[in-house]
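One structure is given here, and the rest of the page talks about it.
Just so it is clear, the structure is predicted and the values come from calculations on it, not from any experiment. Atoms within a ligand are numbered from 1 in the order they appear, just like the ligands themselves.
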Amino acid sequence: MQDNKRIPNKIYLSEEQLPKKWYNLRADMKELPEPMRNPGTGKPITEQDLYPIFCKELAQQEMDCTTPYFDIPEPVQEMYRMYRPSPLIRAYQLEKKLDTPAHIYYKFEGNNTSGSHKLNSAAAQAYYAKQEGLTGLTTETGAGQWGTALAEACAFFGLDLTVYMVKTSYEQKPFRKNIIQTFGAQIIPSPSDTTEAGRRILAAHPGTGGSLGCAISEAVEKAVTTPGCRYALGSVLNQVLLHQSVIGLETETALQMVG
Ligand SMILES: Cc1ncc(COP(=O)(O)O)c(C=O)c1O
């Protein structure tokens, strides 16, 4: 049996151990989830349906249920190397408090300038947009983590960014706005009068504090009506799960190292 004391509190991998490929979980799923549906037709969505919203490479990743691994492009690896591999932490004190024989680990993803795991997908989404020759992205943010991460990634790859931030959150967290602006992005409290969706919501609910759904509507509308612009999303999507697999792949290597 492994001597617990020999497992360090923090397990760090070398930069050479950074994964070179993302893992597509769907390629190994025996039963796939129901397909996304086109809200216009009610039919399962096609890759082409997604082109007005997402850049092509990401639309392809979104729909691919068979390719198990995708190469992580070198410029994305370069951005990852600023903060990855992230440490795997053995939660000894929590184990003691719980008085459990279980070994508890967590991956600490707060060690980057944007402060969360969301940069793992933001880096990829900004890279592919730049690669396709787009000039800008839009997105929504709630608490502000995703908006911050995408602002950092857009600054790194040289893209414009407009962030619609849920109005209540925008008012409660003014420093989030400052960080996002420092990275060079534009930030707009939502609902706003900059989109048809926002104007309609404001007319129907004056004084509303907004919602994620409302901010998403504004960000998508802004993307599809602005030339050279697409929309980016930090959760929910298959492509996000693909990019975030870098966390699990590093964890696998780290756990192998300590047996
Ligand atoms: C689709 C979507 N957008 C935005 C957010 C908010 O993320 P953040 O608080 O990092 O902006 C979430 C959070 O779950 C989300 O699911």
Side-chain angles (χ1 to χ4, degrees), residues 25 33-39 45 49-50 52-55 58-59 61-63 79 83 86 107-126 128-129 136-156 159 161-192 194-195 197-198 201 208-224 229-247:
L25 185 67
E34 286 287 300
M36 257 196 286
R37 290 186 186 276
N38 182 322
I45 220 156
D49 288 340
L50 296 174
I53 302 171
F54 301 121
C55 71
L58 292 169
Q61 290 183 358
E62 193 57 36
M63 301 304 290
M79 186 163 196
Y83 67 99
S86 70
K107 196 85 158 112
F108 180 64
E109 291 288 319
N111 59 340
N112 68 72
T113 319
S114 75
S116 81
H117 68 287
K118 296 201 177 185
L119 196 54
N120 299 329
S121 186
Q125 295 190 45
Y128 288 120
L137 289 173
T138 69
T139 198
E140 83 289 345
T141 202
Q145 288 191 325
W146 170 245
T148 304
L150 194 62
E152 177 169 351
C154 284
F156 188 86
L159 286 165
L161 174 67
T162 303
V163 180
Y164 287 91
M165 184 166 187
V166 177
K167 192 188 276 171
T168 41
S169 185
Y170 179 93
E171 286 163 359
Q172 285 164 356
K173 305 179 83 177
F175 299 127
R176 274 289 165 183
K177 173 182 72 180
N178 295 150
I179 297 171
I180 288 168
Q181 287 172 335
T182 301
F183 281 123
Q186 184 190 18
I187 177 161
I188 300 171
S190 170
S192 76
T194 65
T195 64
I201 292 163
T208 176
S211 68
L212 267 184
C214 161
I216 290 172
S217 299
E218 290 207 275
V220 170
E221 180 184 324
K222 185 76 178 172
V224 301
C229 191
R230 296 289 185 282
Y231 167 69
L233 180 61
S235 63
V236 179
L237 300 170
N238 294 323
Q239 57 186 273
V240 176
L241 186 62
L242 175 73
H243 306 147
Q244 295 296 356
S245 70
V246 70
I247 301 173

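- At a cut-off of 3.5 Å, with distance as the only test, no side-chain donor of Trp146 or Ser235 sits close to an acceptor on the other residue.
- Annotation for ligand 1: atoms under 4.0 Å from non-hydrogen atoms of Gln145 are 8 (P), 10 (O), 11 (O).
- Looking at residues two or more places apart in sequence or on another chain, you find a salt bridge (Lys or Arg N to Asp or Glu O under 4.0 Å) between Glu109 and Arg84.
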Problem - side chain to side chain donor-acceptor pair (under 3.5 Å) between His117 and Gln145, intermediate numbers included - result: CA-CA 9 Å; His117 68 287; Gln145 288 191 325; 5.2 Å; no
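- With a 4.0 Å heavy-atom cut-off, ligand 1 is reached by the side chain of Ser235 but not by its N, CA, C or O.
- Close contacts between ligand 1 and Thr141 involve ligand atoms 8 (P), 11 (O) [criterion: under 4.0 Å to a heavy atom].
- The side chain to side chain donor-acceptor pair (under 3.5 Å) test applied to Ser114 returns Asn112, not counting sequence neighbours.
- Considering backbone and side-chain atoms alike, Leu233 places every N or O at 3.5 Å or more from each N or O of ligand 1.
- For ligand 1, the atoms lying closer than 4.0 Å to a non-hydrogen atom of Trp146 are 8 (P), 10 (O), 11 (O).
- Shown in contact with Lys118 at under 4.0 Å from a heavy atom are these atoms of ligand 1, numbered in order with element: 7 (O), 8 (P), 10 (O).
- Atom 4 (C) of ligand 1 has its closest protein heavy atom at Glu140 OE2, 3.2 Å.
- Near Gly144, meaning under 4.0 Å from one of its heavy atoms, ligand 1 places the atoms 8 (P), 9 (O), 11 (O).
- Between Leu212 and ligand 1, no pair of N/O atoms sits closer than 3.5 Å.
- For ligand 1, the atoms closer than 4.0 angstrom to any heavy atom of Ala143 are 8 (P), 9 (O), 11 (O).
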